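Please read these numbers as outputs of a predicted model, since none were measured by experiment.
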Amino acid sequence: MNNYYRITGYCEQENFCFIMDCYGMFEKLWQFSSMLIQKGLKVLEVGNDTKFMDGNIDRIDENSEKVFLRANAIGKPEYITQTVNGIIYKAVKVADKIYIADRTQAV
């Protein structure tokens, strides 16, 4: 998958967190991050499809015109542990959605 990106962020002013995906809208990951920062949001986790593991979030179809809100919740995201194939990872949880932001970071 080319240009599939996932970002976890936080809005301090309104006290909510989110997970957003885009696939095909941006050529580079930094462009997606920059767009969110310009809107006053804090970027906490960033990754392309080679860095993160999906967890319980299904991937979106390619769409070059939209970003997709995958989860949102009041407050900051939770960090929990998840075991995949006997390996323990740090995972991000927003509402009932969980994914591993960096598959190279075993706990």
Side-chain angles (χ1 to χ4, degrees):
M1 289 185 167
N2 293 331
N3 306 342
Y4 195 108
Y5 306 125
R6 179 168 291 162
I7 291 180
T8 301
Y10 177 67
C11 177
E12 291 181 355
Q13 187 175 24
E14 300 295 330
N15 189 35
F16 72 88
C17 61
F18 59 88
I19 299 171
M20 286 188 162
D21 285 3
C22 72
Y23 180 17
M25 184 172 180
F26 299 101
E27 186 176 321
K28 303 287 184 183
L29 180 57
W30 68 264
Q31 294 169 315
F32 186 18
S33 298
S34 177
M35 185 262 311
L36 295 173
I37 292 168
Q38 287 173 359
K39 297 190 179 300
L41 302 170
K42 187 174 184 178
V43 173
L44 303 176
E45 302 286 345
V46 298
N48 62 22
D49 63 330
T50 64
K51 183 177 177 186
F52 67 83
M53 293 170 66
D54 293 315
N56 67 352
I57 304 173
D58 294 330
R59 294 202 180 190
I60 59 173
D61 293 328
E62 187 170 4
N63 186 318
S64 62
E65 297 179 9
K66 297 178 183 174
V67 295
F68 292 81
L69 179 64
R70 306 317 307 275
N72 66 299
I74 300 297
K76 294 182 178 180
E78 294 179 59
Y79 287 91
I80 62 173
T81 58
Q82 287 282 185
T83 303
V84 177
N85 297 328
I87 301 170
I88 301 171
Y89 296 94
K90 180 176 90 170
V92 179
K93 181 179 180 190
V94 173
D96 65 341
K97 300 297 184 186
I98 299 169
Y99 79 102
I100 295 163
D102 188 346
R103 67 178 65 212
T104 67
Q105 298 292 317
V107 176

| said: Between L41 and F18, is there a side-chain heavy-atom distance shorter than 4.5 Å? | reply: yes
| note | Shortest non-hydrogen pair, L29 vs N48, comes out as CD2-N, 4.4 Å
Table please: side-chain donor-acceptor pairs of residues 66-74 below 3.5 Å, with sequence neighbours left out.
unit_1, atom_1, unit_2, atom_2, d
R70, NH1, D21, OD2, 3.0
R70, NH1, D58, O, 2.6
R70, NH2, D58, O, 2.9

| Should we count NZ of K76 as having more than 12 external heavy atoms under 6.0 Å? | no
Could you pull out every donor-acceptor pair under 3.5 Å between side chains of residues 7-17 and any protein atom, sequence neighbours left out?
unit_1, atom_1, unit_2, atom_2, d
T8, OG1, Y99, OH, 2.5
Y10, OH, N15, OD1, 2.7

Do any side-chain atoms of residues 78-91 form donor-acceptor pairs under 3.5 angstrom with protein atoms, and if so which ones, sequence neighbours left out?
unit_1, atom_1, unit_2, atom_2, d
Y79, OH, E45, OE2, 2.9

| said: Using the salt bridge (charged side-chain N to carboxylate O under 4.0 Å, His left out) criterion, which residues pair with D54? Sequence neighbours excluded. | reply: R6, R59
| Atom pair CE (M53) and CD1 (I98), whose distance is rounded to the nearest 0.5 Å | 13.0 Å
| Minimum heavy-atom distance S33-V46, with the two atoms named | OG-CG1, 3.5 Å
| query | Residues in ring-ring contact (aromatic ring centres under 6.0 Å, His included) with Y5, at least two apart? | reply | none
Donor-acceptor pairs under 3.5 Å, side chain of residues 100-107 to any protein atom, not counting sequence neighbours: which ones?
unit_1, atom_1, unit_2, atom_2, d
D102, OD1, T104, N, 3.0
D102, OD1, T104, OG1, 2.6
D102, OD2, T104, OG1, 3.4
R103, NE, T50, O, 3.3
R103, NH2, F52, O, 2.7

| task | Give the cluster check for Y4 versus F26: same hydrophobic cluster or not, with ILVMFWY residues linked at side-chain heavy-atom distances below 4.5 Å. | result | no
| query | Taking all non-hydrogen atoms of both residues, which atom of Q31 and which atom of E27 are closest, and how far apart? | reply | OE1-N, 2.9 Å
| message | Test of understanding: clusters of I, L, V, M, F, W, Y form through side-chain heavy atoms closer than 4.5 Å, transitively. Do M35 and M25 belong to the same one? | response | yes
| message | When you group the ILVMFWY residues by side-chain heavy-atom contacts below 4.5 Å and let the links chain together, are I57 and L44 in the same group? | response | yes
